[in-house]
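This report concerns only the one structure given below.
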Amino acid sequence: MLLEKVESLLKEVSELTAKNADEVEQLRLKYLSKKGEINALMADFRNVAKDQKKEIGIKINELKTTAIDKINSLREQVAEEESGSASLDLTRSAYPIELGTRHPLTLVRNEIIDIFSRMGFTLFQGPEIDDDKHVFTMLNFAADHPARDMQDTFFIEQSDPDDVTKNVLLRSHTSGDEAHYMETHEPPIRVLCPGRVYRNEAISARAHCFFHQVEGLYVDKNVSFTDLKQVLLTFAREMFGPDTKIRLRPSYFPFTEPSAEMDISCNICGGKGCGFCKHTGWVEILGCGMVDPHDLAACNIDPDVYTGYAFGMGVERIANLKYRVSDLRMFSENDTRFLKEFESAN
């Protein structure tokens with residue numbers, strides 16, 4: 001009878017399973033503790049006939065060894081499983097984590113950079129916190145120019161009206177980056193300056209207190225307005241399609257002379273007239289002009305030897321034309337429903 005009980009326990013022990021460390025410990029107590037089933041067999045072993053003691057003793061030792069090995073194996077298995085699951089977030093959704101996408105303004109900015117890079121423009125990014133000297137004075141802004149007023153510019157510090165380098169502000173345009181670049185580089189210069197700018201304006205569907213611009217500058221000998229027009233025409237057709245037309249209208253900017261604003265044929269109606277282009281067939285996208293000799297001289301570039309052109313465009317404006325986003329606030333509100341619409345553009 002005892003031999004049959006040992007054989008039964010041996011089979012039982014070999015089939016043991018456990019889900020965690022607590023269950024393993026309960027199995028150890030059940031079979032291997034002082035009050036466990038294997039130790040209880042020793043009491044019955046005393047009553048076994050002498051001729052059977054050797055056979056049954058061997059079986060009991062085999063049972064004990066098997067139980068020790070099995071429980072140790074279960075303990076290692078459970079510990080390995082628990083250490084592996086510790087690094088998992090069991091509260092995470094079973095659905096795969098969705099990958100993010102590039103912001104529509106980033107898509108447009110990168111496309112603008114790519115187009116002008118293929119035309120030989122290098123990239124330069126100036127400081128967002130700048131001084132009056134580079135943002136206004138070196139760009140030929142008069143001392144009483146409205147852009148210097150707090151209505152337009154976020155001034156951080158105006159400690160010395162006579163020293164414009166001490167008047168610290170958030171740049172109101174990326175044209176100041178051109179001043180920084182011309183101040184530290186000699187012609188020929190062909191540079192593109194993207195960045196965020198700030199203006200003290202009421203936030204609405206058509207205006208914001210911060211937005212993004214891309215400024216371009218080319219300075220060399222014998223640079224003409226014709227060169228500017230051809231570069232902008234190439235850009236417009238690369239960005240909006242090969243059938244895009246442009247027109248240049250006279251305008252005024254302190255740092256360029258002559259100056260112009262550039263319109264493109266409306267890419268929504270094809271120039272036929274619609275609500276977006278106010279039924280004119282044309283949409284303004286940027287300002288441009290020949291660099292004023294004052295700006296060149298302020299950056300220690302001889303205006304009698306060198307000429308240049310500059311242009312600047314709003315990234316949000318271009319994004320509106322490409323994606324037909326009517327409310328500028330959508331670009332900065334991080335509404336995932338809006339951003340997911342641009343997944344296919346990445």
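Along the sequence shown, the residues carry numbers beginning at 1. On a predicted model such as this, the values are computed, not experimentally measured, just so you know.
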**Message:** I need the full list of salt bridge (Lys or Arg N to Asp or Glu O under 4.0 Å) pairs touching residues 326-339, with sequence neighbours left out, sorted by first then second residue.
**Reply:** D327-R329, D335-R337

**Prompt:** Who pairs with K322 by salt bridge (Lys or Arg N to Asp or Glu O under 4.0 Å), at least two apart in sequence or on another chain?
**Reply:** E111

**Asked** Can you check salt bridge (Lys or Arg N to Asp or Glu O under 4.0 Å) on K30 and E25, steps first, answer last?
**Response** CA-CA 9 Å; K30 179 180 179 181; E25 180 62 15; over 6 Å; no

**side-chain hydrogen bond (donor to acceptor under 3.5 Å, both in side chains) involving N72 - partner list, sequence neighbours excluded** = R75

**Item:** Y323 and E341 side chains, donor-acceptor separation under 3.5 Å
**Value:** no

**Asked** Salt bridge between D177 and R171, side-chain N to carboxylate O under 4.0 Å?
**Response** yes

**Prompt:** Does a side-chain N-to-carboxylate-O contact under 4.0 Å join E7 and K59?
**Reply:** yes

**Message:** For residues 225-252, which residue pairs pass the ring-ring contact (aromatic ring centres under 6.0 Å, His included) check, not counting sequence neighbours?
**Reply:** F116-F235

**Over 12 foreign heavy atoms within 6.0 Å of CD, E23** = yes

**L123, CG: over 12 other non-hydrogen atoms inside 6.0 angstrom** = yes

**Request:** Answer yes or no: is there a side-chain heavy-atom contact under 4.5 Å between M182 and I301?
**Result:** yes

**Complete:** Sorted by chain and residue number, the salt bridge (Lys or Arg N to Asp or Glu O under 4.0 Å) partners of E183 (sequence neighbours excluded) come out as K133

**Message:** Checking D302 now: which residues fulfil side chain to side chain contact (heavy atoms under 4.5 Å, CB included) with it, not counting sequence neighbours?
**Reply:** D304, V305

**Message:** What's the separation between atom OG1 in T244 and atom CG in L233, rounded to the nearest 0.5 Å?
**Reply:** 9.0 Å

**Request:** Could you pull out all residues at least two apart from T226 that satisfy side chain to side chain contact (heavy atoms under 4.5 Å, CB included)?
**Result:** S224

**Asked** Atom CG of D227 and atom OG1 of T307: how far apart are they, to the nearest 0.5 Å?
**Response** 8.0 Å

**Item:** Under the side-chain hydrogen bond (donor to acceptor under 3.5 Å, both in side chains) test, residues paired with D263 that sit two or more places apart
**Value:** R247, R249

**Request:** Kindly determine whether E284 and M262 satisfy side chain to side chain contact (heavy atoms under 4.5 Å, CB included), including the steps that lead there.
**Result:** CA-CA 6 Å; E284 177 192 337; M262 190 182 92; over 6 Å; no

**Request:** Step through the shown structure and confirm whether more than 12 heavy atoms of other residues, nucleotides or ligands are within 6.0 Å of NZ on K64.
**Result:** no

**Message:** Checking L139 against F253 for the side chain to side chain contact (heavy atoms under 4.5 Å, CB included) test, could you report, in this order, the C-alpha distance in whole Å, the side-chain angles of both residues, the deciding distance, and whether it holds?
**Reply:** CA-CA 10 Å; L139 298 178; F253 303 108; over 6 Å; no

**Ring geometry between F255 and H173 (parallel below 30°, tilted from 30 to 60°, perpendicular above 60°)** = perpendicular

**Message:** Does either side chain, that of T137 or that of D132, offer a donor lying less than 3.5 Å from an acceptor on the other one?
**Reply:** yes

**Request:** Not counting sequence neighbours, list each pair that qualifies as a ring-ring contact (aromatic ring centres under 6.0 Å, His included) and has a residue in residues 286-310.
**Result:** Y218-Y309

**Message:** Nearest 0.5 angstrom please: L286 CG to E261 CD, how far?
**Reply:** 9.0 Å

**Message:** Do N167 and E157 make a side-chain contact, defined as non-hydrogen atoms from C-beta onward lying under 4.5 Å apart?
**Reply:** no

**Asked** Is I112 close to I115 at the side-chain level, that is, under 4.5 Å between some pair of heavy atoms?
**Response** no

**Request:** Could you pull out all residues at least two apart from H212 that satisfy ring-ring contact (aromatic ring centres under 6.0 Å, His included)?
**Result:** none

**Message:** Any heavy-atom pair between the side chains of I156 and L169 that's under 4.5 Å?
**Reply:** no

**Message:** Can you pull out every salt bridge (Lys or Arg N to Asp or Glu O under 4.0 Å) where at least one residue sits in residues 233-246? Sequence neighbours excluded, please.
**Reply:** R118-E238

**Prompt:** Within a strict 4.5 Å, meaning less than it, do heavy atoms of the C299 and M138 side chains meet?
**Reply:** yes

**Request:** Return the set of residues passing ring-ring contact (aromatic ring centres under 6.0 Å, His included) with F124 (not counting sequence neighbours), or none when no residue passes.
**Result:** Y181

